[in-house]
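Chain naming here is simple, since letters A, B, ... match the order of the sequence lines and numbering starts at 1 in each.
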Number of protein chains: 2
Amino acid sequence: MTDKKHKKADIITVAQAARVSASTVSRYFNHPELLKPATRKRIDSAVRRTGYIRNRAAQTIHGIRSGTIGVLIPTLDHAIFAEVVQAFSDSVAEDGFTILLASHGYDLQREYAILRKFLEHRVDGVVLTGLDHDEAVFQLIDSQKIPCVLMWNYAAGSRYPSIGADNEMAGRLIAEHVLSLGHRDIACMFPPTGGNDRAMARRDIVLSTLKKAGVTVPDPWMFETVYSISASKRDVTELLTHDHRPTALICGNDILATGALYGAAARGLDVPSDITVVGIGDFKGSSDIEPALTTVRLPARRIGREAGKALVTGIISAGEDPAGSLHCAPEIIRRQSSGPVSQ
Amino acid sequence: MTDKKHKKADIITVAQAARVSASTVSRYFNHPELLKPATRKRIDSAVRRTGYIRNRAAQTIHGIRSGTIGVLIPTLDHAIFAEVVQAFSDSVAEDGFTILLASHGYDLQREYAILRKFLEHRVDGVVLTGLDHDEAVFQLIDSQKIPCVLMWNYAAGSRYPSIGADNEMAGRLIAEHVLSLGHRDIACMFPPTGGNDRAMARRDIVLSTLKKAGVTVPDPWMFETVYSISASKRDVTELLTHDHRPTALICGNDILATGALYGAAARGLDVPSDITVVGIGDFKGSSDIEPALTTVRLPARRIGREAGKALVTGIISAGEDPAGSLHCAPEIIRRQSSGPVSQ
DNA sequence: CATATTTATGAAAACATTTGCAAAACTATT
DNA sequence: AATAGTTTTGCAAATGTTTTCATAAATATG
């Protein structure tokens, strides 16, 4: 069936097989309603016989959309980004778009290089993760006049439409929750903030919210811990050896909080009666861990889906007023890992 | 700098700006050594001034490689696939390839449709996940004579080179481990196997290994549980209410095992003294959970990396004998969640 | 049945590149 | 300074499509 010597079938091969011109075959795909039903059937069979597959590259040089969207993330290794990407991909696939995916590992230089590559492929739009990017990146996008959305974080005055959660709000919510339970001796654990505006914003707002309530976090209770359960477990285990312990631990994300829970368990301490542990993110599994984790939900799936919708809209209705930002509000999720300070 | 009226700069714009012909600009990119250093510099500056970005679509219709690889996975929502994809992407990025990513959610029909789309984009190669696919999928790949590797699973006689772990071996290893600890009353929990050859192979080999040792799993101890911590926790909590309990539980993957651990904790049972729990996968976090999970390591990162290398080799040295399969052997990882049966 | 409309198709130009070939510009050699 | 050899460059054809415009075929109108 799909033999046809060796060269790949092109539109002309099909045209000959159907005894029509190449233009007619082109119309068969792009404006089938213009064809006589009989011709349509003839081409249909010719396409089948020759095993022809349209060549989007050839279409793209006519200024026709490539049908691809560039997705730039820090890493897939954080389950939360994988979730966002999955939702984004599903969302744009409905409109026939395929994603080009690349990760920069928090290296801004690489982000620029990847973006260039995306543009060489003539993507119809790009999504970046987070609000902060190299100025060169923004300029490149501007110069190519290509739709862009920033996903994951939300901020009112972002350079491009931002679709995501307000990190400051997330940080504030969790800090206020812990304060409301009466805690004053509070430790904090955040990932290294280099090149990561999300983590940075969260940490700063947590600290300032605490300070506003008159609570300062002593230096030895301020951890900078890489994003991994084992690192967090190690640091928390260490922290809990000392006799002067905090009554609460605020973690920058649920992975760190999970490690903290394990660390407390390893030390034989009860959560929350000995120590309250909270995270940010509401990752998969956070609700099932023992004890279930109190956290702030960042609606990853919704963010991915909405970012996809927004970008597709931007692509399809190019030129019009760009789609606006959208705040997918974070929400405090109270579970068992937090409790009132025990006197 | 990158102004230039409104139309995007093409190779002719650059040529004019540098006062050379388009061919020379083309050579500047593809065979720079053929150019006089002075010309090179002139073009260099013209490229910069015009903000020109090469158009890979236009190159691709000359039979030049597109520089893209299609990656087809079931879903990114399983952290383990995200990990494989991340490693794959990093690996091929070294050689300048960008990935087109799509997930089919275990729907074979969608897999075919996605593959077609990849081919329209003229990907230089494709990776599929797992060994089993619709015959139409294989035929399509054959007819387009495009390099393909199957990743994640390994089997000697696979239709295309397979790079991954031998699932039968993984299942056998974990079953033998549990048997070697003296367990006879064994429960099993596996994900639904529809359209998922990996899960199926694992389950069947575990069961047959047990049977060979004279152990049969009674029907009420045979769980088909969706891939989620909460579903597993629920089922295990239920299982452990009955007074006649198994002494060991073999889970088809670490997510289910994690839920099982939580379920046991919720019931106040000790692992491993009351019940042994084991998984398959060695996901991130499996080593840190309390108690640390005994499992079989499926080397996701290595698989992704090797699959990337193999495919790139297949693309670059097209025509030659295709790169062979590679077995990334699974390996039993003994931790605290398994112990000898207590009499 | 001839003419006017409408519908369906083909020819050729356009798209942004690469590349084979030939001409032009240099260098080296005498 | 003329010639031969080499390096550098430009022209034009080719790539696989889409699209505009013109023409041919089919249908409707009188």
Side-chain angles (χ1 to χ4, degrees), chain A residues 4-44 46-47 50-68 117 119-124 144, chain B residues 4-44 46-47 50-68 117 119-124 144:
Chain A
K4 200 66 200 168
K5 282 288 138 12
H6 15 267
K7 288 283 94 191
K8 270 180 198 158
D10 62 6
I11 206 173
I12 296 183
T13 319
V14 178
Q16 286 165 347
R19 329 193 123 272
V20 294
S21 73
S23 341
T24 305
V25 178
S26 172
R27 272 186 283 256
Y28 165 81
F29 287 110
N30 301 303
H31 314 282
E33 74 283 359
L34 293 180
L35 295 199
K36 205 149 99 178
T39 328
R40 210 145 51 197
K41 272 184 82 169
R42 216 136 37 87
I43 298 179
D44 199 70
V47 166
T50 54
Y52 171 66
I53 293 188
R54 304 173 72 185
N55 187 335
R56 284 204 90 124
Q59 308 180 248
T60 301
I61 62 171
H62 282 268
I64 290 166
R65 288 200 295 265
S66 69
T68 58
K117 205 156 262 172
L119 293 170
E120 291 185 1
H121 286 293
R122 294 298 187 265
V123 293
D124 298 328
Q144 299 304 112
Chain B
K4 199 67 199 166
K5 283 288 137 12
H6 15 267
K7 289 282 94 192
K8 271 182 197 158
D10 62 6
I11 207 174
I12 295 182
T13 319
V14 178
Q16 286 166 348
R19 329 195 121 269
V20 295
S21 73
S23 343
T24 306
V25 177
S26 172
R27 273 187 281 257
Y28 165 82
F29 286 110
N30 300 302
H31 315 282
E33 74 283 359
L34 293 180
L35 295 199
K36 209 150 97 175
T39 325
R40 209 144 54 197
K41 272 183 80 169
R42 216 139 34 93
I43 298 180
D44 199 71
V47 167
T50 53
Y52 171 66
I53 293 187
R54 303 173 73 185
N55 186 335
R56 286 204 89 126
Q59 308 180 246
T60 301
I61 62 170
H62 284 270
I64 290 167
R65 288 199 296 263
S66 69
T68 58
K117 206 157 260 174
L119 293 170
E120 290 186 0
H121 285 293
R122 293 297 188 265
V123 293
D124 298 327
Q144 298 304 111

Check your understanding: Base, sugar-phosphate, or nothing for A:Y52, non-hydrogen atoms under 4.0 angstrom?
Key -> sugar-phosphate
For the side chain of [X], counting heavy atoms from C-beta on, which of [options] is nearest?
| X | options | answer |
| --- | --- | --- |
| B:N55 | D:dT17, C:dT17, D:dT9 | C:dT17 |
| A:T24 | C:dT9, D:dT9, D:dG10 | C:dT9 |
| B:S21 | D:dT18, D:dG10, D:dT17 | D:dG10 |
| A:R27 | C:dC26, D:dT20, D:dT17 | D:dT20 |
| B:T39 | D:dT8, D:dG10, C:dA16 | D:dT8 |
| A:N30 | C:dA16, C:dT19, D:dT18 | D:dT18 |
| B:K36 | C:dT18, D:dT18, D:dT9 | D:dT9 |
| B:I11 | D:dT19, D:dT15, C:dT17 | C:dT17 |

Distance test, side-chain N/O of [X] to OP1/OP2 of [N], below 4.0 Å:
| X | N | value |
| --- | --- | --- |
| A:Y28 | D:dT18 | no |
| A:Q59 | D:dT17 | no |
| B:R56 | C:dT17 | no |
| A:H31 | C:dA8 | no |

Check your understanding: What about B:S23: does its side chain form a donor-acceptor pair under 3.5 Å with the base of D:dC11?
Key -> yes
Check your understanding: Going by heavy atoms in the side chains, are A:H121 and A:T68 under 4.5 Å from each other?
Key -> no
Point to revise | Donor-acceptor pair between A:T24 and A:S21 side chains, under 3.5 angstrom | key: yes
Check your understanding: Excluding sequence neighbours, so at least two apart, what forms side chain to side chain donor-acceptor pair (under 3.5 Å) with B:N55?
Key -> none
